[in-house]
Participant: 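Below is a structure I'd like to ask you about.
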Amino acid sequence: MNLTKITNLNKEQIIQLFELTKELKKEPLKFKHSLVGKNVFFGTEKSSLRTRISFEVAMNHLGGNCIYYNLKDSTIGKKESWKDAIKNLERYVDLIALRVFSHNIFNEVVNNTKIPIINALSDDYHPLQILADLFTIKEKLGHLSKINIAYVGDANNNVTHSLILACAMFEINLKIGCPKELIPKSQVLIEAKKIGNNPIITTDPFVAVKDAQIVITDSWKSYDVTKDNTKILQKFQVNSNLMKHTNNALFMHCLPAHRGKEVTNEVIDSVNSIVYDEAENRLHTQKALILMMLK
Ligand code: CP
Ligand code: NVA
């Protein structure tokens, strides 16, 4: 089992994963010896607070070990091929998690090993985030069926792409408000259409959030993006005025957030903001995923 894209799992597997997540969250100690002797490699080309720390803590809680490796200073992809690196790593560890720029790296990685591979974020997808987000929404609303989600902001990014695919799988109504310059990649929309339904995409943030039970945004500057899109994104800021036009929506953000840019302090600090519960659930959903992959 791999998770390079959310569609590597089917709906039933995700529902199963959420059941296990609930159990892990309720009784963490029950699983403290589950992965004794197991080692996970966590390599990253980009920064990470939540993903890295929740991975390390997850392995620790399950009795296993996580090895952090900085791919920025590595020979991999420079002095040696990904193929050779993976063929070495699989002799040492039981699972490999990678945070990389180019999603294409995963083709080479997956084709050269039988041990599980997790995408801990690439330029195109962030499946771990969407697992935690769906779990959090289910916890808060009680179900996922036919709910209304609005995503507002830069929609040409990893979080949005994974959200689009997950919403298609779960028949969730997704409306995206974004500038015409930052619409999602067409290949993602084509894949979503094949699975189920496509999101409604509008350049009017108020149209996007109408009836929304959940409003999601993300950074206007993803990791290592140098272009400043502040001007075209300004009207997509999630602020109190925009939230007033929702169905008393809960606010979500994968974090890190740039307060005052994509979201105001007033919204992220409001009672409707569930960003820290969302961040906490990264830990619980990842524990369930690792257990499903290694057990
Ligand atoms: N949300 C998320 O992936 O956070 P990090 O970049 O800090 O890992
Ligand atoms: N879209 C953001 C997500 C951060 C977790 C980025 O790639 O930086």
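In each ligand, atom 1 is the first atom listed, and ligand 1 is the first ligand listed. Heads up: numbering here begins at 1 and tracks the sequence.
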Participant: Is it the case that the side chains of His253 and Glu262 hold a donor-acceptor pair, with the cut-off being a distance below 3.5 Å and no angle test?
Facilitator: yes
Participant: Using a 6.0 Å distance limit plus a 45 degree cone around the ring axis, check whether Lys11 lies over the aromatic ring of Phe170.
Facilitator: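 Yes, Lys11 and Phe170 form such a contact.
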Participant: Quick check on contacts: which atoms of ligand 2 are under 4.0 angstrom from a heavy atom of Asn157?
Facilitator: 1 (N)
Participant: Quick one: are Lys221 and Lys261 in side-chain contact, heavy atoms under 4.5 Å?
Facilitator: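 Result no, sub-4.5 Å side-chain heavy-atom pair not found.
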Participant: With atoms numbered from 1 as shown, which atoms in ligand 1 lie under 4.0 angstrom from a non-hydrogen atom of Leu49?
Facilitator: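 Going through ligand 1 atom by atom, the ones under 4.0 Å from Leu49 are 5 (P), 7 (O), 8 (O).
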Participant: List ligand 1 atoms under 4.0 Å from Arg99, heavy atoms only on the residue side.
Facilitator: 3 (O), 5 (P), 6 (O), 8 (O)
Participant: Between Asn229 and Asp154, do the side chains contain a donor N or O and an acceptor N or O under 3.5 Å apart?
Facilitator: no
Participant: Heavy atom under 4.0 Å from ligand 2: found in Cys254's side chain, backbone, both, or neither?
Facilitator: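 Looking at Cys254 and ligand 2, just side chain atoms fall under 4.0 Å.
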Participant: Considering Leu121, Asn156, Asp124, Thr51, which one's heavy-atom position lies nearest to atom 4 (C) of ligand 2?
Facilitator: Leu121
Participant: Of all the heavy atoms in Ser219, does at least one lie under 4.0 Å from an atom in ligand 2?
Facilitator: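 No.
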Participant: Heavy-atom contacts with Arg282 under 4.0 Å: which atoms of ligand 1 show up? List them by number with element.
Facilitator: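 In order of number, 1 (N), 2 (C), 3 (O).
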Participant: Quick check, are the ring centers of Tyr125 and His103 under 6.0 angstrom apart?
Facilitator: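 That pair passes the under 6.0 Å test.
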Participant: Between Phe42 and Tyr69, is the ring centroid distance below 6.0 Å?
Facilitator: no
Participant: Please say whether Asn158 places an N or O atom under 3.5 Å from an N or O atom belonging to ligand 2.
Facilitator: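 Yes; the residue has a nitrogen or oxygen that sits under 3.5 Å from a nitrogen or oxygen of the ligand.
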Participant: Got an N/O contact under 3.5 Å between His126 and ligand 2?
Facilitator: no
Participant: Only one of Thr136, Ile274, Leu131 forms a side chain to side chain contact (heavy atoms under 4.5 Å, CB included) with Asn281, so which one is it?
Facilitator: Thr136
Participant: Between ligand 2 and Leu255, can you find any atom pair, the residue atom being a heavy atom, that is separated by under 4.0 Å?
Facilitator: yes
Participant: Would you say Asn39 and Asn65 are linked by a side-chain donor-acceptor pair, where the criterion is simply a distance under 3.5 Å?
Facilitator: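 The answer is yes; a qualifying pair exists.
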Participant: Report yes if Leu121 has an N/O atom closer than 3.5 Å to an N/O atom of ligand 1; otherwise report no.
Facilitator: no
Participant: From the options His126, Arg50, Lys46, select the one whose nearest heavy atom is closest to atom 3 (O) of ligand 1.
Facilitator: His126
Participant: For the residue pair Asn247 / Asn148, report whether a side-chain donor-acceptor contact shorter than 3.5 Å exists.
Facilitator: no
Participant: Any N or O of Asp218 that comes nearer than 3.5 Å to an N or O of ligand 2?
Facilitator: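 Right, the criterion is met.
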Participant: Would you kindly say whether Thr51 and Arg99 are connected by a side-chain donor-acceptor distance under 3.5 Å?
Facilitator: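 Looking only at side-chain atoms, Arg99 and Thr51 do form a donor-acceptor pair, the distance falling under 3.5 Å.
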Participant: Between Pro256 and ligand 1, does any nitrogen or oxygen pair lie at a separation below 3.5 Å?
Facilitator: no
Participant: Examine Tyr223 against ligand 2 and note whether any of their N/O atoms are separated by less than 3.5 Å.
Facilitator: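 Yes, Tyr223 has an N/O under 3.5 Å of an N/O on ligand 2.
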Participant: If the cut-off is 4.0 Å to any non-hydrogen atom of Tyr223, which atoms of ligand 1 fall inside it?
Facilitator: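 Counting atoms of ligand 1 from 1, those under 4.0 Å from Tyr223 are 5 (P), 6 (O), 7 (O).
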Participant: In this structure, which one of Asn239, Ile176, Thr217, Val152 forms a side chain to side chain contact (heavy atoms under 4.5 Å, CB included) with Pro205?
Facilitator: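 So the option named by the test is Val152.
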Participant: As an exercise, identify every atom of ligand 1 less than 4.0 angstrom from a heavy atom of Cys254.
Facilitator: 1 (N)
Participant: How far is atom 6 (C) of ligand 2 from its nearest protein heavy atom, and which residue and atom is that?
Facilitator: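 Protein heavy atom at minimum distance: Ser222 OG, 3.1 Å.
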Participant: Under 4.0 Å from ligand 1, counting heavy atoms only, is it the side chain of Leu128, its backbone, both or neither?
Facilitator: neither
Participant: Under 3.5 Å, is there a donor on one side chain and an acceptor on the other for Gln286 and Ser54?
Facilitator: yes
